[in-house]
S.K.: 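Got a structure for you, written out below as structure tokens; questions coming shortly.
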Amino acid sequence: MPDTPRAMRQPVPLRLGSAAFLAFWCLIASFPIFWIAVMSFKAPVDAFAANPLDVILGPATRAAGQGLSILDIAAGLAVLYLTVRFAMRWLPDRVAAWSPGGQVWAGWIIGGLAYGLAFVVVFLGVLPVVLGALNPVLGPLGNPVLGLTTVHYHSVWVENEFYRNFLNSLLVTTGVVTVSLTVGTLAGYGLARSGSNLAFWLLIVALVFRALPHSVLVAGYLPVFINSAEWLRPILGDNAPTLYGQPLAVIAVLVSINQPFTIWMLRSFFQNIPAELDEAARVDGCTHFQAFRWVIMPVMWPGVITTGLFSFLLAYNDFLVTSLLLDATNQTMVPAIAGYFNRETTTTDQVEAVAAAVSITAPLFLLVIIFQRQIVSGLTAGAVKG
């Protein structure tokens, strides 16, 4: 690798200061996630102990016969390391090679779900069985040294049926991402290739709608959803549904909130693609839509995945819209967790609430790990005009 030009070299104090600030920022940003993750695997006595070492080591949890041995820790870290390594290096190549008919988006959906399922089976199913058989015969290496229990996660997901909230979140996020990207790619492409003043003013109007508080849109849609059964009865008869309290209502509102941002972002990506590609496709006999489908979209995948991630995060982390428009049976994970923390609880219930909060971060980490290449290339393409 060639040496850095002298003019671009940073002074040593500046490099040390930048590294120190970055390390401090990473510590501050990651500490809350690390701490609640540690608490979620401890007995309430350890989770709320005044001594931080008791929270980390979990002596009361270990004394109850629930803990990890040195072998457990080494094997768990090895599996996590291999999972991240394969997700970053092996999975993208396999998806590109095995995607049906060149449909990379379908390959990523199938590959991501299969990879996540395989990790859950290995980490939570196979590994505990293997280690449970090895620990008793390994002497000191098999004795618990770190208190850890998964009873709170079992209580949250099985006894409290938190999986229902997860399925509702999955339904809402899938609907929002699908509609937002479908409309956003078509609108963004059309606006990027249009030189009229109307396209500019449409983008300005979209920006104004994006700037509105979410509560304004919820208030505007609320009467429509409440009275939807009466309006649909002439068409659907007595079986006309009431949209209020249903995931479809949340999807509609979140799409209206997210769509302006999606159009703006995808338009910027389309503008980075030379118009000569469209012209070449047209010369070869493609229609406008065929040129868009077969020539432009394969180049656009990093931008689409990056935009889809932001749409996913909006729907996945939303609290205001979901808490106002969904009833208790259809709540997504974020308002359900808020309900955990807001009710009168014992220390056991509070640790279960922490376990539920930790649970919703796992899909986000897995998503970023799997799509990190496309996200980085998409953000780079959106930041540089070529």
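Just the heavy atoms: all of them, side chains too, but no hydrogens, waters or symmetry mates, feed the values below.
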S.K.: Would Met333 and Thr322 satisfy side chain to side chain contact (heavy atoms under 4.5 Å, CB included), going step by step from the backbone distance to the final call?
M.R.: CA-CA 9 Å; Met333 290 191 290; Thr322 51; over 6 Å; no
S.K.: Does Ala60 offer a backbone N or O that forms a donor-acceptor pair with the side chain of Asp46 under 3.5 Å?
M.R.: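 Yes; at least one donor-acceptor contact below 3.5 Å.
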S.K.: Can you tell if the side chain of Val145 reaches within under 4.5 Å of the side chain of Leu68, non-hydrogen atoms only?
M.R.: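 The answer is no, as the side chains (C-beta and beyond) never meet within the 4.5 Å cut-off.
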S.K.: Mind running side chain to side chain contact (heavy atoms under 4.5 Å, CB included) on Trp35 and Ile56 for me, showing each step along the way?
M.R.: CA-CA 9 Å; Trp35 198 251; Ile56 296 174; 3.9 Å; yes
S.K.: CG/Asn330 to CG/Leu167 distance, rounded to the nearest 0.5 angstrom?
M.R.: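 So the CG of Asn330 and the CG of Leu167 are separated by 11.0 Å.
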S.K.: Keeping Thr149 on the side-chain end and Gln66 on the backbone end, is there a donor-acceptor pair under 3.5 Å?
M.R.: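 No.
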S.K.: Are the side chain of Tyr153 and the backbone N or O of Ser40 linked by a donor-acceptor pair below 3.5 Å?
M.R.: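 The answer is no, because no donor-acceptor pair under 3.5 Å joins these two groups.
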S.K.: Answer yes if the side chains of Tyr316 and Ser169 hold a donor-acceptor pair under 3.5 Å, and no otherwise.
M.R.: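 No, Ser169 and Tyr316 have no side-chain donor paired with an acceptor closer than 3.5 Å.
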S.K.: If only atom types and distance count, is the side chain of Asn168 paired as donor or acceptor with the main-chain N or O of Gln331 below 3.5 Å?
M.R.: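 Present.
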S.K.: Rounded to the nearest 0.5 Å, what separation is found between the CH2 atom of Trp264 and the CD1 atom of Ile204?
M.R.: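 The CD1 atom of Ile204 is 5.0 Å from CH2 of Trp264, to the nearest 0.5 Å.
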S.K.: Give, for atom CG of Leu314 and atom CZ of Phe261, the distance between the pair rounded to the nearest 0.5 Å.
M.R.: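 With rounding to 0.5 Å, CG (Leu314) is 9.0 Å from CZ (Phe261).
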S.K.: Is a side-chain N or O of Thr178 found less than 3.5 angstrom from the main chain of Gly175, in a donor-acceptor match?
M.R.: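 Judged by distance alone, no pair lies under 3.5 Å.
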S.K.: Roughly how far, to the nearest 0.5 Å, is the OG1 atom of Thr332 from the CZ atom of Phe319?
M.R.: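 Phe319 atom CZ to Thr332 atom OG1 measures 9.5 Å (nearest 0.5 Å).
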S.K.: Locate the shortest heavy-atom distance separating Val79 from Leu127; write the atom from each residue and the value.
M.R.: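 Closest pair (atom of Val79, atom of Leu127, distance): CG2-CD2, 4.1 Å.
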S.K.: Keeping Thr174 on the side-chain end and Leu171 on the backbone end, is there a donor-acceptor pair under 3.5 Å?
M.R.: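 Checked: no pair found.
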S.K.: For the side chain to side chain donor-acceptor pair (under 3.5 Å) test, which of Thr262, Thr185, Asn258 pairs with Ser180?
M.R.: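 That would be Asn258.
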S.K.: Taking the side chain as C-beta and beyond, is there a heavy-atom pair between Val172 and Leu254 under 4.5 Å?
M.R.: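 When only atoms from C-beta onward are counted, Leu254 and Val172 do touch, with a gap below 4.5 Å.
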S.K.: Measure across Leu131 and Ala75 and return the closest heavy-atom pair with its distance rounded to 0.1 Å.
M.R.: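 Closest heavy-atom pair between Leu131 and Ala75: CD2-CB, 4.0 Å.
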S.K.: Contact between Val299 and Val295 at the side-chain level, heavy atoms closer than 4.5 Å - yes or no?
M.R.: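 The answer is no, as the side chains (C-beta and beyond) never meet within the 4.5 Å cut-off.
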S.K.: Decide yes or no for Phe310 and Thr306: does some side-chain heavy atom of the first lie under 4.5 Å from some side-chain heavy atom of the second?
M.R.: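 The answer is yes; the side chains approach within 4.5 Å.
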S.K.: Side-chain heavy atoms nearer than 4.5 Å, only ILVMFWY residues, links allowed to pass through others: does that put Leu222 and Val224 together?
M.R.: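 Hydrophobic grouping puts Leu222 apart from Val224.
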S.K.: Under 30°, 30 to 60°, or over 60°: which ring-plane class applies to Phe34 and Phe31, parallel, tilted or perpendicular?
M.R.: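 It falls in the tilted class, 30° to 60°.
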S.K.: Using 30° and 60° as the class limits, which term best fits the ring planes of Phe270 and Tyr189: parallel, tilted or perpendicular?
M.R.: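 Taking Tyr189 first and then Phe270, their aromatic rings stand perpendicular (interplane angle over 60°).
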S.K.: Please report the shortest heavy-atom distance between Glu161 and Asn165, naming the atom on each side.
M.R.: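 Closest approach of Glu161 to Asn165, heavy atoms only: O-OD1, 4.0 Å.
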S.K.: Minimum heavy-atom separation for Val179 and Gln259, please, with both atom names.
M.R.: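 Scanning both residues completely, I find the closest heavy atoms to be O-OE1, 3.7 Å.
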S.K.: Determine, using the 4.5 Å side-chain heavy-atom cutoff (strictly less than), whether Phe123 and Leu146 are members of one ILVMFWY cluster.
M.R.: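 Phe123 clusters together with Leu146.
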S.K.: Side-chain heavy atoms nearer than 4.5 Å, only ILVMFWY residues, links allowed to pass through others: does that put Leu170 and Leu248 together?
M.R.: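 Different clusters.
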S.K.: Do Lys42 side-chain atoms and Thr61 backbone N/O form a donor-acceptor pair below 3.5 Å?
M.R.: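 Not at all, since once roles are kept as given, no pair shorter than 3.5 Å links the two residues.
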S.K.: Going through the checks in order, is the side chain to side chain contact (heavy atoms under 4.5 Å, CB included) test met by Phe225 and Thr242?
M.R.: CA-CA 7 Å; Phe225 296 142; Thr242 299; over 6 Å; no
S.K.: For Val55 and Met39, what are the C-alpha separation, side-chain angles and deciding distance, and is it a side chain to side chain contact (heavy atoms under 4.5 Å, CB included)?
M.R.: CA-CA 7 Å; Val55 180; Met39 290 177 59; 4.1 Å; yes
S.K.: To the nearest 0.5 Å, what is the distance between OG1 on Thr307 and CZ on Arg267?
M.R.: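 Here the rounded value is 13.5 Å.
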S.K.: Taking C-beta and beyond as the side chain, do Val334 and Asp318 meet within less than 4.5 Å on heavy atoms?
M.R.: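 They are not in contact (no side-chain heavy atoms under 4.5 Å apart), so the answer is no.
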S.K.: Are Ile33 and Val358 packed together at the side-chain level, in the sense that at least one heavy-atom pair is separated by less than 4.5 angstrom?
M.R.: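 They are not in side-chain contact.
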S.K.: Please find the pair of heavy atoms, one from His152 and one from Ala355, that lie closest to each other, and give the distance.
M.R.: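 Residues His152 and Ala355, closest heavy atoms: CB-CB, 4.1 Å.
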S.K.: Would you say Asp54 and Phe48 make side-chain contact, with heavy atoms under 4.5 Å?
M.R.: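 Side-chain contact under 4.5 Å: no.
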S.K.: I need the minimum non-hydrogen distance between Ser30 and Cys26, along with the two atoms involved.
M.R.: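 Closest approach of Ser30 to Cys26: OG-O, 2.6 Å.
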S.K.: Measure from the side-chain N and O atoms of Tyr340 to the backbone N and O of Glu352, and report whether any donor-acceptor pair falls under 3.5 Å.
M.R.: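 Judged by distance alone, no pair lies under 3.5 Å.
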S.K.: Going hydrophobic residue to hydrophobic residue with side-chain gaps under 4.5 angstrom, can you get from Leu181 over to Phe289?
M.R.: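 Yes, Leu181 and Phe289 fall within the same hydrophobic cluster.
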S.K.: Taking the six-membered ring for Trp, are the ring centroids of Trp157 and Phe162 within less than 6.0 Å of each other?
M.R.: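 Distance test on ring centres: under 6.0 Å, yes.
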S.K.: Quick check for you: to the nearest 0.5 Å, what is the distance between Leu71 atom CG and Asn143 atom CG?
M.R.: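 The CG atom of Leu71 sits 11.5 Å away from the CG atom of Asn143.
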S.K.: Can you find a pair of side-chain heavy atoms, one from Ile257 and one from Val321, that are under 4.5 Å apart?
M.R.: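 Yes, at least one pair of side-chain atoms sits under 4.5 Å.
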S.K.: Look at the side-chain heavy atoms of Ile, Leu, Val, Met, Phe, Trp and Tyr, link any pair under 4.5 Å apart, and say whether Phe119 and Phe41 land in one connected group.
M.R.: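 Yes, Phe119 and Phe41 fall within the same hydrophobic cluster.
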